[in-house]
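Being a predicted model, the structure only gives us computed values, none of them experimental. Residue numbers begin at 1 in each chain, while the letters A, B, ... track the order of the sequences.
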Amino acid sequence: MRHPDDFVSRVIGVVESIPPGRVMTYGDVAAAIGSRGARAVGGVLAHYGSTLPWWRVIRASGHPAAGHEAEALERLRVEGTPLAPSSRGARVRLDAARYTPE
DNA sequence: ACGGTGACTAACC
DNA sequence: CGGTTAGCCACCG
């Protein structure tokens, strides 16, 4: 069990708020909860990701989570996320799909 | 308390 | 565009 406003719970809350077809970078999620720990956000997703829309959290480069590119791109494509061709298959058009929680 | 560890990032080359 | 490097941060043993 965890306290409602600890790091993990905050990250989970933000990730759950990302609408289909939109994305946030690890850094965006961290910033949204007043942190700069992009890596720490990755750590939370690595552990609790299975219960969350983890594919909507991508790297600042527009590429999906390291080690999960294939499945993430598939899911992103299904929900109509703006993608652009890239050397490594495809990457998200951050300028069009980036989401900022209010 | 401390050091190692990552689903990270910006800056350089 | 690809490889390297130094920061960054929460978590765990």
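- When the side-chain nitrogen and oxygen atoms of A/Ser35 are compared with OP1 and OP2 of C/dA10, one or more of them lie within a distance under 4.0 Å.
- Contact annotation for A/Ala60: backbone-only contact, meaning every heavy-atom pair under 4.0 Å involves sugar-phosphate atoms and none involves a base.
- Between A/Leu45 atom CG and B/dC8 atom C1' there is a gap of 11 Å when expressed in whole angstrom units.
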message: Please determine whether side-chain hydrogen bond (donor to acceptor under 3.5 Å, both in side chains) holds for the pair A/Glu74 and A/Trp55, giving the CA-CA distance in whole Å, both sets of side-chain angles, and the decisive distance to 0.1 Å.
response: CA-CA 9 Å; A/Glu74 164 61 21; A/Trp55 57 93; over 6 Å; no

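- Heavy-atom distances to DNA chain C give each of A/Val44 and A/Arg39 a nearest nucleotide, and the one nearer the 5′ end belongs to A/Arg39.
- Rounded to an integer number of Å, the gap from CH2 of A/Trp54 to C1' of B/dG6 is 17 Å.
- Between the NE2 atom of A/His3 and the P atom of C/dC11 there is a distance of 14 Å, given to the nearest Å.
- Atom CD1 in A/Ile33 sits about 12 Å away from atom P in C/dC9, given to the nearest Å.
- Side-chain contact check for A/Val41 versus A/Phe7: some heavy-atom pair is nearer than 4.5 Å.
- Between A/His68 and A/Trp54, the distance from one ring center to the other falls under 6.0 angstrom.
- Within 4.0 Å (heavy atoms only), A/Phe7 reaches sugar-phosphate atoms of the nucleic acid but no base atom.
- Proximity of A/Arg36 to the phosphate of C/dC9: a side-chain N or O atom is located under 4.0 Å from OP1 or OP2.
- Nucleic acid contact for A/Gly43: none, since no nucleic acid atom lies under 4.0 Å from a heavy atom of the residue.
- With rounding to whole Å, A/Tyr26 atom OH is found 17 Å from B/dA10 atom C1'.
- When rounded to the nearest whole Å, the span between CZ of A/Arg10 and C1' of C/dC11 equals 17 Å.
- Rounded to an integer number of Å, the gap from A/Asp6 CG to C/dC11 P is 7 Å.
- Atom pair A/Ile12:CD1 and C/dA10:C1' shows a separation of 14 Å (rounding to whole Å applied).
- A salt bridge does not link A/Glu69 with A/Arg91: none of the charged nitrogens is closer than 4.0 Å to a carboxylate oxygen.
- A/Thr25 comes within 4.0 angstrom of sugar-phosphate atoms only, judged by non-hydrogen atoms across all strands, and of no base.
- Taking a 4.0 Å limit (strictly below) on heavy-atom distances, residues 73-96 of chain A does not reach DNA chain B anywhere.
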